[in-house]
Amino acid sequence: MKRPHMTAGVLAVAAVAAFIAPQSAAQAVQATPGPKILHASPNGSGASCTVSRPCSPQAARDAARSVSGRDIRVELADGTYEMSEPLKLGAADSGRDGHTVTWTAARGAEPVFSGGRALKGWSEAADGTWTADVPEGVTPRQLFVDGERAVRARGEACAATTCDATKTGMTGATATGIDKWRRPTDAEAVIKIRWRDYHCRIASVDGDRMTFAQPCWTNSASSTNRTGPAWDSTTVDSSRYSGVAFLENARELLDKQGEFVWDADDRTVTYLPRKGEDMRRAGVFTPVTERLMVLDGAHDLRVQGIGFAYAAYGQPSTDEGYAGTQAGLTLTGATGPVDHAGRHYTKPSAALTVRGGRHVSVSGAEFTHLGGAGVILEAGTKDTSVTRSRFTDLSSGAVYVGDTEPKPEAELGGERNTVAYNTIRRTGVEYTDAVGIWAGYEAELTVDHNTLDDLPYSGISVGWGWNQPEAQKSVLRDNRITHNRITNVMRVEHAQHDGGAIYTQGAQPGTVVSGNYINRSAYGNTERDGNGIYLDEQSSYIRVEGNVITRVGYKWVSNWADYGIQNHATGNWTDTDAPALTGTGSTMEGNHTKLDRLPSRALAVAARAGAHGGPAERLRPDLARAGTASQSSTDGAAEAAYATDGDTSTDTRTLSEPGAWWQVDLGDARRVGQVEVWNNTSMATADFDVQLARSADFSDATTLHVTGRALRPTLLDTDTEARYIRIKRTGTARVALAHVLVHPART
């Protein structure tokens with residue numbers, strides 16, 4: 001193929017261009033050199049920081065400070081980096097003049113910053129327990145055996161009638177046998193009241209009376225004038241107190257496989273192995289170092305692909321203890337200012353902390369086996385993100401964003417931060433009041449496409465301040481909680497109440513909650529409690545739109561406070577209903593409620609939600625909806641049809657009478673596979689039979705008995721042909737129900 005004919009002028013221009021082009025390219029390469037790469041390894045030394053002679057992370061940090069005019073990459077080789085103190089990065093370790101500093105895993109490597117200390121030299125006792133000495137300076141609060149979390153030896157619950165709590169201490173030492181324990185002052189009382197969790201160490205035992213470490217007990221009791229809103233009645237000496245959930249960390253309680261106990265006097269840990277564990281070969285670690293990486297004033301910095309494990313959280317083992325307030329924050333200090341808006345609450349310790357950061361990104365990280373939280377962004381951190389990371393098996397929450405000052409100075413306000421595409425599972429393992437993702441007074445926060453599963457309390461909590469005057473006008477605004485997948489939260493076995501899969505506080509103009517899939521929040525609840533989306537207290541100016549919310553223990557959306565303003569819920573899909581939003585100017589319209597099957601649009605929203613998407617739980621058809629309900633008697637206006645109206649917030653109620661019953665006639669005999677019984681909002685129904693019969697006189701009934709209170713819901717599987725389903729009390733009290741669903745047998 002011939003080249004096109006060129007004139008002499010064109011050839012001359014082309015020749016000049018050919019001469020200039022290589023020079024320009026060379027100058028461009030020289031002007032923008034590639035990143036400076038520094039190499040670190042777990043056993044690195046010296047200051048070369050090369051592939052063949054890697055240095056330590058600290059030496060790599062120091063070497064990076066002398067590099068200018070280019071990006072910097074610190075590549076971490078595979079292995080465990082034992083951290084006796086956190087790696088601290090500040091302004092001097094940041095990207096300069098438009099460049100970025102990146103701390104990242106080397107290609108194919110899985111570096112892990114670890115705050116753990118191995119415990120070795122285990123010896124076996126005749127009772128099957130194993131004991132190891134603990135070095136000075138180490139206080140084992142958590143123990144991990146071959147990567148599996150052990151449990152601090154714990155006892156049974158102690159009711160308030162025995163363990164009666166007051167401002168100064170508690171009775172019950174004699175009845176529980178604590179007064180005979182060898183070292184009761186190693187033990188802690190764990191108390192759960194509504195949304196709060198308290199862990200206080202026993203300080204002394206005198207006869208039947210116990211006192212507790214201070215200021216933990218005072219901060220857990222009333223009359224401190226620092227514990228929250230004036231109406232709060234969830235302290236250890238309040239009317240809401242029902243007893244001790246359990247006592248833990250006493251040798252006398254060590255009776256189950258997988259439990260351990262710490263003896264502070266002998267400085268030993270004793271463990272009862274699980275089946276198959278060989279303590280002569282097992283890797284046993286306890287968290288020791290609190291923070292593994294601290295970015296203080298850093299900017300234009302990336303953290304990629306690094307693991308964080310075995311970070312400690314020391315405060316609960318001190319006399320401060322763990323006086324929970326809300327969402328994993330605690331009250332600390334013996335004295336302090338009046339703080340009804342929670343200004344001076346203390347966040348937990350976290351494996352990675354960013355203070356005053358600018359343009360910091362954390363991505364592809366893994367946080368596991370932690371004694372505290374995963375990540376904290378605080379002290380005016382802005383334009384910073386935590387993305388595509390995994391959080392599993394944490395004692396506290398996964399991500400904390402922002403602070404608790406409603407009107408901070410401009411440089412201390414949190415703005416434009418992002419938490420997205422993360423996977424959060426089994427957090428709040430020890431401190432069950434912690435939430436998956438918490439944000440305080442933030443503006444333009446994005447919480448998007450995260451997957452949260454198996455959490456004891458709320459999933460995502462954004463906002464602070466209740467209805468306190470000083471918090472009513474704050475910097476909160478324009479936050480987005482979008483496309484998250486939140487399942488199996490507010491797990492009822494942890495006894496944390498008054499929360500929701502998504503929880504908000506405070507006036508937040510421009511805030512949107514949309515496209516989220518929420519399933520099984522407070523499912524199987526033991527009281528009228530637990531919500532899908534909970535616009536609590538002063539929550540105002542929030543739009544709730546296009547969410548899919550199913551199988552929740554109470555309300556799919558809750559906005560009970562009349563001082564909330566202009567909240568709007570529209571275009572959501574749910575299998576129940578809820579009262580209208582209470583706040584001034586608030587509206588609920590265009591929602592798709594009382595569904596027993598999700599339409600295709602709702603299934604598509606659910607499929608896109610979360611870090612990796614996924615299917616929705618399929619709802620089962622409800623035969624009772626088209627049936628005719630009746631009951632033995634009716635108390636007031638609580639008629640029988642409220643149990644078949646598809647709404648778990650409306651209740652039936654009979655009179656208190658022998659043999660009281662409620663029933664539904666399906667119209668024709670149908671093959672029934674399951675009956676769901678949802679107790680009423682006061683949880684009145686207990687000890688009852690569920691009868692399924694073809695005949696109206698129930699002479700051919702199949703009877704399923706339930707002992708104790710019905711839950712929300714109690715599920716009864718069967719395979720019975722029936723037209724009539726009756727719920728009948730076996731005692732002499734009322735039948736009161738929010739919802740009864742009758743599902744056909746699966747084909």
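Throughout, numbering of the chain's residues begins at 1 and tracks the sequence. Please read these numbers as outputs of a predicted model, since none were measured by experiment.
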Worksheet item: How many angstroms lie between CD1 in Ile486 and OG in Ser521, if you round to the nearest 0.5 Å?
Response: 8.5 Å
Discussion item. Are Ile376 and Val354 packed together at the side-chain level, in the sense that at least one heavy-atom pair is separated by less than 4.5 angstrom?
Written reply: no
Worksheet item: Have Ser363 and Thr387 got a donor and an acceptor in their side chains that come within less than 3.5 Å?
Response: no
Fill in: Donor-acceptor under 3.5 Å (Asn516 side chain, Arg485 main chain)
no
Worksheet item: Are a donor atom and an acceptor atom from the side chains of Asn249 and Glu188 found within less than 3.5 Å of each other?
Response: no
Item to complete: Please check if the side chain of Tyr457 supplies one atom and the backbone of Gln326 the other of a donor-acceptor pair under 3.5 Å.
Response: no
Item to complete: Mind listing the closest non-hydrogen atom pair of Leu292 and Met83 along with its distance?
Response: O-CE, 3.7 Å
Item to complete: Give the intermediate values and the outcome of side chain to side chain donor-acceptor pair (under 3.5 Å) for residues Tyr517 and Asn484.
Response: CA-CA 6 Å; Tyr517 173 59; Asn484 300 284; over 6 Å; no
Practice prompt. Report the C-alpha separation of Asn422 and Val399 in whole Å, then their side-chain angles, then the decisive distance to 0.1 Å, and conclude whether the side chain to side chain contact (heavy atoms under 4.5 Å, CB included) test is met.
Written response: CA-CA 10 Å; Asn422 300 289; Val399 182; 5.5 Å; no
Discussion item. Between Arg196 and Asp433, does any NZ, NE, NH1 or NH2 come within less than 4.0 Å of an OD or OE carboxylate oxygen?
Written reply: no
Worksheet item: Taking the six-membered ring for Trp, are Tyr322 and His199 parallel (under 30°), tilted (30 to 60°) or perpendicular (over 60°)?
Response: perpendicular
Worksheet entry | Check: Asn679 main-chain N/O paired with Arg712 side-chain donor or acceptor under 3.5 Å | yes
Worksheet item: If you measure from the Lys or Arg side-chain nitrogens to the Asp or Glu carboxylate oxygens, is any gap between Asp197 and Lys192 under 4.0 Å?
Response: yes
Discussion item. As an exercise, state the distance from OG1 of Thr346 to CG of Leu331, rounded to the nearest 0.5 Å.
Written reply: 7.5 Å
Discussion item. Can you tell me which residue among His494, Gln496, Glu493 is in a side-chain hydrogen bond (donor to acceptor under 3.5 Å, both in side chains) with Thr432?
Written reply: Gln496
Discussion item. Does this structure show an ion pair linking Glu136 with Arg267, if we count only N-O contacts that are shorter than 4.0 Å?
Written reply: yes
Practice prompt. Would you tell me whether Thr332 and Thr330 have side-chain atoms, one donor and one acceptor, within less than 3.5 Å of each other?
Written response: no
Worksheet item: So, for Ile518 and Gly532, which heavy atoms are closest and what is the spacing to 0.1 Å?
Response: CD1-O, 3.8 Å
Worksheet item: Which atom pair, heavy atoms only, marks the closest approach of Ser204 to Thr185?
Response: N-CG2, 4.3 Å
Fill in: Glu124 and Trp122: side chain donor to acceptor below 3.5 Å
no
Worksheet item: Taking NZ, NE, NH1 and NH2 as the nitrogens, is one of them in Glu85 or Arg291 under 4.0 Å from a carboxylate oxygen of the other?
Response: no
Item to complete: Using a strict cut-off of less than 4.0 Å between a Lys/Arg side-chain nitrogen and an Asp/Glu carboxylate oxygen, indicate whether Arg182 and Asp263 qualify as a salt bridge.
Response: yes
Discussion item. Regarding Asp266 and Thr268, do their side chains bring together a donor and an acceptor under 3.5 Å, going by distance alone?
Written reply: no
Worksheet item: Do the ring centers of Phe144 and Phe285 come within less than 6.0 Å of each other?
Response: no
Item to complete: Output yes when Arg551 and Glu676 qualify as a salt bridge under the 4.0 Å nitrogen-oxygen rule, no when they do not.
Response: yes
Practice prompt. May I ask you to decide if Gly553's main-chain N or O and Asn525's side chain share a donor-acceptor pair within less than 3.5 Å?
Written response: no
Discussion item. Is it true that, when you exclude Arg390 itself, more than 12 heavy atoms of the residues, nucleotides or ligands shown sit nearer than 6.0 Å to its CZ?
Written reply: no
Discussion item. Under a 3.5 Å cutoff, is there a donor and acceptor pairing between the side chains of Asp453 and Thr487?
Written reply: yes
Worksheet item: Does any donor atom in the side chain of Thr550 or Asn519 lie under 3.5 Å from an acceptor atom in the other side chain?
Response: yes
Worksheet entry | Parallel, tilted or perpendicular: ring planes of Phe212 versus Trp217, cut at 30 and 60 degrees | parallel
Item to complete: Over 60° means perpendicular and under 30° means parallel, so classify the ring planes of Tyr523 and Trp678, tilted if in between.
Response: perpendicular
Practice prompt. With sequence neighbours left out, write down each residue that passes salt bridge (Lys or Arg N to Asp or Glu O under 4.0 Å) with Arg280, or none if nothing qualifies.
Written response: Asp278
Worksheet item: What's the shortest heavy-atom distance between Arg274 and Arg149, and which atoms?
Response: NH2-O, 2.5 Å
Worksheet item: Do Val706 and Val677 come within less than 4.5 Å of each other through their side chains, counting heavy atoms only?
Response: no
Worksheet, complete the sentence: Tightest non-hydrogen contact, residues Gly708 and Asp687, listed as N-OD1, 2.7 Å
Fill in: Any donor-acceptor N/O pair, Ser114 side chain to Gly116 backbone, under 3.5 Å
yes
Discussion item. With heavy-atom distances below 4.5 Å as the criterion, would you say the side chains of Phe113 and Thr80 are in contact?
Written reply: no
Practice prompt. Please examine the side chains of Leu716 and Gln674, heavy atoms only from C-beta on, and report whether any two atoms are closer than 4.5 Å.
Written response: no
Discussion item. Just so I know, are the side chains of Glu320 and Pro215 near enough to count as touching, which here means a heavy-atom distance under 4.5 Å?
Written reply: yes
Worksheet entry | disulfide (SG to SG under 2.5 Å) contacts in which one or both residues fall within residues 183-213, not counting sequence neighbours | Cys200-Cys216
Practice prompt. For ring-ring contact (aromatic ring centres under 6.0 Å, His included), just list the numbers for Phe367 and Phe308, CA-CA rounded to whole Å, side-chain angles, deciding distance to a tenth of an Å, and then say yes or no.
Written response: CA-CA 5 Å; Phe367 298 83; Phe308 297 85; 4.9 Å; yes
Practice prompt. Taking atom CD of Glu82 as the centre, report whether more than 12 heavy atoms of other residues, nucleotides or ligands fall under 6.0 Å from it.
Written response: no
Practice prompt. Using modelled atom types only, decide if a donor and an acceptor are shared between the side chain of Gln257 and the backbone of Lys275 within a distance under 3.5 Å.
Written response: yes
Discussion item. Please tell me whether Thr131 and Thr270 have a donor and an acceptor in their side chains that are separated by less than 3.5 angstrom.
Written reply: yes
Discussion item. Does either side chain, that of Ser238 or that of Arg194, offer a donor lying less than 3.5 Å from an acceptor on the other one?
Written reply: no
Practice prompt. Using modelled atom types only, decide if a donor and an acceptor are shared between the side chain of Thr171 and the backbone of Asp164 within a distance under 3.5 Å.
Written response: yes
Worksheet item: For the atom pair CE (Met490) and CG (Asp529), what is the distance rounded to the nearest 0.5 Å?
Response: 5.0 Å
Worksheet item: Do the side chain of Asp237 and the main chain of Ala221 share a donor and acceptor less than 3.5 angstrom apart?
Response: no
Worksheet item: Looking at OG1 of Thr174 and CG of Asp179, how far apart are the two atoms once the value is rounded to the nearest 0.5 Å?
Response: 4.0 Å
Discussion item. Quick check on Glu110: does its CD atom have over 12 non-hydrogen neighbours (other residues, nucleotides or ligands) under 6.0 Å away?
Written reply: no
Fill in: Audit row: Tyr271, Trp130, ring-ring contact (aromatic ring centres under 6.0 Å, His included) steps and yes/no
CA-CA 5 Å; Tyr271 175 66; Trp130 290 72; 9.6 Å; no
Item to complete: Using atom types as modelled and distance alone, determine if a side-chain donor or acceptor of Thr286 lies under 3.5 Å from a backbone N or O of Arg117.
Response: no
Discussion item. Salt bridge check, Arg491 against Asp454: does any charged N sit closer than 4.0 Å to a carboxylate O?
Written reply: yes
Worksheet item: According to the interplanar angle, ranging from 0 to 90°, do the rings of Tyr421 and His449 count as parallel (below 30°), tilted (30 to 60°) or perpendicular (above 60°)?
Response: parallel
Worksheet entry | Side-chain donor or acceptor of His497 paired with backbone N/O of Gly530 under 3.5 Å | no
Fill in: Residues Lys347, Glu378: salt bridge by 4.0 Å N-O rule
yes
Worksheet item: Could Arg251 and Asp127 be called an ion pair, given the rule that one side-chain N must be under 4.0 Å from one carboxylate O?
Response: yes
Fill in: Atom of Ala264, atom of Arg183 and distance for their closest heavy-atom approach
CB-NH2, 4.0 Å
Worksheet entry | Neighbour count >12 (heavy atoms, 6.0 Å) for atom CG, Asp206 | no
